[in-house]
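These notes are about the structure you will find just below.
In this text, all values refer to a predicted model and were calculated from it rather than measured experimentally.
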Amino acid sequence: MGDSVLGLVITEELYARFPDLDESRLSPLRSGIVNMRALAAIGRELNLGSALKIGKGEAVTGGRDKNSILADAFEALVGAIYLDQGYPKTREIVLALMGASIDDAMSRGAGLDGKTALQELVAASGWLPPEYKVTESGPDHDKDFVAVAIVNGVSYKEGHGKSKREAEQVAARLALEEIALTQA
């Protein structure tokens with residue numbers, strides 16, 4: 001339930017803040033705000049990991065600080081607040097906790113993920129599409145991926161992630177930031 005309430009609060013807030021953005025921009029913006037990493041970060045700020053009842057094996061492997069567990073715990077907390085306090089109070093609390101995330105997501109490309117934002121910049125500049133060089137290491141159950149965005153033959157900073165997609169997104173965002181600095 002918490003994930004649905006959270007989605008409603010954020011969707012309603014985005015629509016109120018940015019009434020001129022169409023769905024093609026609002027949906028990725030919402031996804032950039034309500035994602036596992038962002039929710040886990042809030043879970044860490046609230047120290048939710050210390051309040052979780054987890055199995056011994058999960059505790060030994062760092063489960064109290066695992067993104068997926070912290071994100072789920074935050075969503076459960078939102079659901080509990082909703083059941084106990086109702087929608088208006090839940091909305092107030094969620095926006096207090098996530099207002100900065102909304103502002104940050106908007107400043108990172110008006111709702112565009114890194115690869116899409118880089119693609120739009122490259123297309124608008126008349127350059128060839130970006131390419132990504134990805135390498136992986138580590139055992140199958142704990143892979144690390146490193147991606148480099150290549151734009152017009154220039155390789156930019158490495159993006160790291162636990163999936164190929166995540167590493168490419170980080171690499172695209174880093175390339176976008178560096179290109180923006182050189183064009184300023």
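Hydrophobic clustering places Leu46 together with Ile10 (ILVMFWY residues linked when any side-chain heavy atoms are closer than 4.5 Å, directly or through intermediates). Under the 4.5 Å side-chain heavy-atom criterion for grouping Ile, Leu, Val, Met, Phe, Trp and Tyr, Val34 is connected to Ile93 within one hydrophobic cluster. In terms of hydrophobic clustering, with Ile, Leu, Val, Met, Phe, Trp and Tyr side chains grouped at heavy-atom distances under 4.5 Å, Tyr156 and Val148 are assigned to different clusters. Under a hydrophobic-cluster definition in which Ile, Leu, Val, Met, Phe, Trp and Tyr are linked whenever side-chain heavy atoms come within less than 4.5 Å, directly or via other members, Leu97 and Leu8 are assigned to the same cluster.
Between the CE atom in Met98 and the CD1 atom in Ile33 there is a gap of 6.5 Å [rounded to 0.5 Å]. Atom CZ of residue Arg30 and atom CG of residue Asn35 lie 12.0 Å apart, to the nearest 0.5 angstrom. Here Ser137 contributes atom OG and Asp142 contributes atom CG; the two are 9.0 Å apart, rounded to the nearest 0.5 Å. Once rounded to the nearest 0.5 Å, the distance linking OG of Ser125 with CG of Asn152 reads 8.5 Å. Atoms OG1 and CG, on Thr11 and Leu6 in that order, are 9.0 Å from each other to the nearest 0.5 Å. Atoms CG and CZ, on Leu39 and Arg44 in that order, are 11.0 Å from each other to the nearest 0.5 Å.
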Distance-only criterion, 3.5 Å: show the donor-acceptor pairs between side-chain atoms of residues 54-63 and protein atoms not counting sequence neighbours.
from  : atom 1 : to    : atom 2 : distance (Å)
Glu58 : OE2    : Lys66 : NZ     : 2.7
Thr61 : OG1    : Gly57 : O      : 3.2
Thr61 : OG1    : Glu58 : O      : 3.2

Residues 70-82 side chain polar contacts: donor-acceptor under 3.5 Å, at least two apart:
none

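Here the closest heavy-atom approach between residue Val122 and residue Pro130 is recorded as CG1-CD, 4.0 Å. Smallest separation of non-hydrogen atoms from Val134 and Phe145: CG1-CD2, 4.1 Å. Between Ala149 and Leu118, the closest heavy-atom pair is CB-CD2, 4.3 Å.
Within a 6.0 Å sphere centred on NZ of Lys157, other residues, nucleotides and ligands contribute 12 heavy atoms or fewer. Other residues, nucleotides and ligands place no more than 12 heavy atoms under 6.0 Å from the CZ atom of Arg165. For Lys143, the NZ atom is densely surrounded, since the number of other residues' heavy atoms within 6.0 Å is greater than 12.
Leu83 places a side-chain heavy atom less than 4.5 Å from the side chain of Met1.
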Check your understanding: Would Asp144 and Glu136 count as a side-chain contact (heavy atoms from CB on, under 4.5 Å) if you check the C-alpha gap in whole Å, the side-chain angles of each, and the deciding distance to 0.1 Å?
Key -> CA-CA 6 Å; Asp144 290 307; Glu136 64 181 74; over 6 Å; no

Check your understanding: Is there a salt bridge (Lys or Arg N to Asp or Glu O under 4.0 Å) between Glu168 and Lys115 once you walk through the steps?
Key -> CA-CA 7 Å; Glu168 286 178 345; Lys115 288 179 72 173; 2.7 Å; yes

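Judged by distance alone, with hydrogens and angles left aside, the side-chain atoms of Gln169 form a donor-acceptor pair with the main-chain N or O of Gly114 at under 3.5 Å.
Checked by atom type, the side-chain pair Arg64/Asn47 shows no donor-acceptor distance below 3.5 Å.
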